[in-house]
Peer 1: 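Take a look at this one; I'll ask things after.
Remember, it's 1-based here, ligands and their atoms both numbered in the order they're listed.
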Amino acid sequence: MKRLVSLAALSAALTAAPAMADAANPQQAAKDFVTKAEAEYARLGIEGGQAEWVYQTYINQDTEALTARAGAAATEFNVKTAIEAAKHAGTPGLDYDTTRKLARMRTLIVLPAATKPGAAEEVATLNAKLQGVYGKGKGTLRGAPINGSDIEAAMGTNRNPDELKEMWLSWHDNVGKPMKDDYARLVAAANAGAQELGYADTGALWRSNYDMPPEQFAALTEKLWAEVKPLYDSLHTYVRMKLNQKYGDAVQGKTGPIRADLLGNMWAQEWGNIYDVVAPAGAGDLGFDTTDLLKEKGYDPLRMVKGGEGFFTSLGLAPLPKTFWERSQFVKPQDREVVCHASAWNLDNVDDLRIKMCIKVNGDDFTTIHHELGHNFYQRAYNKQPAYYLDGANDGFHEAIGDTVALSITPEYLVQIGLLDRAKVPSADKDTGLLLRQAMDKVAFLPFGLLIDRWRWQVFSGEIKPADYGKSWTDMRLNYQGIIPPGPRGADAFDAGAKYHIPAMVPYTRYFLARILQFQFYEAACKQAGWKGPLHRCSFYGNKDVGKKFNAMLEMGASKPWPDALHAFTGSREISGKAMMAYFAPLKKWLDQQNKGQKPGW
Ligand code: X8Z
Ligand code: ZN
């Protein structure tokens with residue numbers, strides 16, 4: 001009740017202020033409007049974050065209601081201010097910050113709702129419910145239930161095609177299917193909100209958040225994909241050949257698409273876990289595996305996080321605060337349901353930093369820890385910015401920071417932190433293996449990173465109707481990734497829902513951008529560090545000069561258009577696939593030799 005009263009009063013104040021002052025001094029009116037809104041935006045964001053944290057780390061009906069309520073309040077406010085911001089945006093002679101903040105107010109909403117009473121509640125309630133369904137989701141293995149984080153790890157290590165198939169089908173049936181109707185309802189409700197804000201649909205709103213016209217952004221992603229696609233195609237052909245050799249024609253054919261459950265990951269998004277299956281004889285034997293090293297040296301989840309922090313502090317960044325260690329969720333609690341999908345938080349917009357994970361001692365989670373800490377160090381670096389700038393230069397930057405650091409996890413770095421014995425550092429003749437191991441994660445991800453939102457953009461625009469959710473998803477997975485489900489999918493399937501970011505409504509193009517950006521950042525960092533060897537052997541661990549320059553970009557937050565931030569660190573204003581292609585150039589050549597006689601494509 002209290003919330004409704006205060007929101008109503010606030011919205012009256014927001015609309016009244018410009019009306020009174022407009023005629024006399026519209027520039028000042030716009031400025032006052034932004035100042036007032038910014039304070040409330042920050043307050044509602046913090047309240048929403050607290051409720052969301054409690055929900056995701058303790059799922060029950062009460063926390064679900066609490067987070068939905070806080071989410072609805074924030075959405076109601078954000079939609080109202082976006083509509084009001086549009087009225088001020090045309091005022092001539094506005095200063096830089098007022099203009100930029102007015103623009104951000106209109107583009108930063110991810111899940112809008114209509115202004116009619118109850119609409120924001122409906123959106124927030126559906127959103128919370130779907131998150132919960134995903135968090136509680138289970139598959140089966142040999143008939144026994146298996147939870148999300150366990151099944152994810154098992155898909156990486158299990159090599160039995162029947163068991164892989166069982167896990168894949170049960171996860172997609174149990175988690176995705178029951179969400180379908182609620183998801184369709186949520187799409188419709190969000191679209192109604194986007195349309196009130198003047199967008200064609202929610203997808204158009206998502207594409208508007210990149211400091212350029214939305215059509216130009218869509219074209220940019222298409223251009224980037226065209227740049228890197230040849231690398232994916234070569235990898236696909238090679239991996240299919242190796243899978244065929246291992247499993248035989250009955251499981252994996254010599255031509256056509258790859259069976260999705262054979263690639264070491266529930267969503268076939270990163271394939272590094274099956275490196276052992278595709279490693280070439282000789283050059284492919286790296287002599288170490290990060291999972292084994294962590295286990296041999298007796299690492300536990302806490303020590304893995306400390307290791308991740310150590311990289312960032314080696315660059316000269318301050319250690320994480322004491323509260324990070326007290327308040328984070330590192331491992332899955334045994335007594336309740338939680339959302340295990342990894343995330344990074346700043347609960348007070350200052351330094352109440354936390355991660356929420358269900359860490360397992362393996363290489364995947366060691367990389368993910370660096371990814372999440374990248375978010376935290378970014379959040380703290382920009383914490384002196386005003387509330388509307390408390391964000392990455394764009395969301396792709398936010399996703400790329402930790403990954404850039406993780407690219408520096410080279411064998412030499414593993415020696416430096418005591419994980420690998422110096423005698424075991426792979427010699428130069430193992431470079432192909434090292435690059436292939438990296439490509440299995442980085443290159444394999446590219447079409448997946450793109451297709452999730454390609455699918456959603458069409459769902460939001462109505463080109464894909466709820467009745468076609470299943471088929472359109474499978475078709476797109478085939479078109480972009482060249483993969484097929486391990487068994488028939490019914491008309492009522494909703495396989496998209498079995499991927500976290502769909503029920504959670506997290507835009508995904510950010511990860512595609514990040515996959516490309518991280519190679520630009522990494523290349524620039526290695527250049528700054530004066531690295532002369534092959535790029536993939538470079539680690540900028542311990543380099544304070546790189547750290548300083550890195551932090552200068554991070555401190556900018558969202559205060560400037562993203563090309564400015566990119567320029568500050570790399571000297572370029574263009575996002576480009578060139579750095580990634582250069583990193584993998586020797587591998588591309590090698591793959592194409594191996595693929596001679598194979599029929600590429602599917
Ligand atoms: O969702 C994530 C992070 C949290 S922002 C763990 N990632 C994407 C995914 O898991 O699908 C990181 C890589 C791609
Ligand atoms: Zn992330």
Peer 1: Hey, which N, O or S atom on E399 ends up closest to the Zn ion (ligand 2)?
Peer 2: OE1
Peer 1: Number the atoms of ligand 1 from 1 as they appear, then name those within less than 4.0 Å of a heavy atom of E372, with their elements.
Peer 2: 3 (C), 4 (C), 6 (C)
Peer 1: For ligand 1, which atoms, with element, lie under 4.0 Å from some heavy atom of A342?
Peer 2: 4 (C), 6 (C)
Peer 1: Under 3.5 Å between some N or O of ligand 1 and some N or O of K499?
Peer 2: yes
Peer 1: Using a plain distance cutoff, I'd like to know if H501 has any nitrogen or oxygen under 3.5 Å from a nitrogen or oxygen of ligand 1.
Peer 2: yes
Peer 1: Judging by distance only, is a nitrogen or oxygen of E399 under 3.5 angstrom from one on ligand 1?
Peer 2: no
Peer 1: Is D475 salt-bridged to R477, going by a charged N under 4.0 Å from an acidic O?
Peer 2: no
Peer 1: What do the steps show when you test W345 against S343 for side chain to side chain donor-acceptor pair (under 3.5 Å), and what is the final call?
Peer 2: CA-CA 7 Å; W345 305 58; S343 52; 2.8 Å; yes
Peer 1: Does the pair D453/R207 count as a salt bridge with the N-to-O cut at 4.0 Å?
Peer 2: no
Peer 1: So is E270 in contact with ligand 1, going by heavy-atom distances below 4.0 Å?
Peer 2: no
Peer 1: Return the closest protein heavy atom for atom 2 (C) of ligand 1 as residue, atom name and distance.
Peer 2: H341 NE2, 3.5 Å
Peer 1: Using a strict threshold of under 4.0 Å (side-chain N to carboxylate O), is an ion pair present between E222 and R454?
Peer 2: yes
Peer 1: Any chance you could lay out the side chain to side chain donor-acceptor pair (under 3.5 Å) test for N349 and N346, step after step, and finish with the verdict?
Peer 2: CA-CA 5 Å; N349 286 345; N346 185 357; 5.0 Å; no
Peer 1: Relative to the heavy atoms of Y508, which atoms of ligand 1 are at a distance of less than 4.0 Å?
Peer 2: 8 (C), 9 (C), 11 (O), 14 (C)
Peer 1: Answer yes or no: is there an ion pair linking R437 with D441, defined by an N-O contact shorter than 4.0 Å?
Peer 2: yes
Peer 1: Mark yes when over 12 heavy atoms from residues, nucleotides or ligands other than K138 sit less than 6.0 Å from its NZ; otherwise mark no.
Peer 2: yes
Peer 1: Cation-pi between R515 and F512: NZ/CZ under 6.0 Å from ring centre and within 45° of the ring axis?
Peer 2: no
Peer 1: Rounded to 10°, how big is the angle at the Zn ion (ligand 2) from H375 NE2 to H371 NE2?
Peer 2: 100°
Peer 1: For atom 13 (C) of ligand 1, state which one of R510, E152, R515 supplies the nearest heavy atom.
Peer 2: R515
Peer 1: By number and element, which atoms of ligand 1 are closer than 4.0 Å to a non-hydrogen atom of H371?
Peer 2: 3 (C), 4 (C), 5 (S), 12 (C)
Peer 1: Compute the shortest N/O to N/O distance between H375 and ligand 1 and return yes if it is under 3.5 Å, no if not.
Peer 2: no
Peer 1: Please check whether T368 reaches ligand 1 - meaning an N/O of the residue sits under 3.5 Å from an N/O of the ligand, judged on distance alone.
Peer 2: no
Peer 1: Of all the non-hydrogen atoms in the protein, which one sits nearest to atom 5 (S) of ligand 1, and at what distance?
Peer 2: Y511 OH, 3.1 Å
Peer 1: Give a yes/no verdict on a cation-pi contact between K306 and W325, requiring under 6.0 Å between NZ or CZ and the six-membered ring centre and an angle within 45° of the axis.
Peer 2: yes
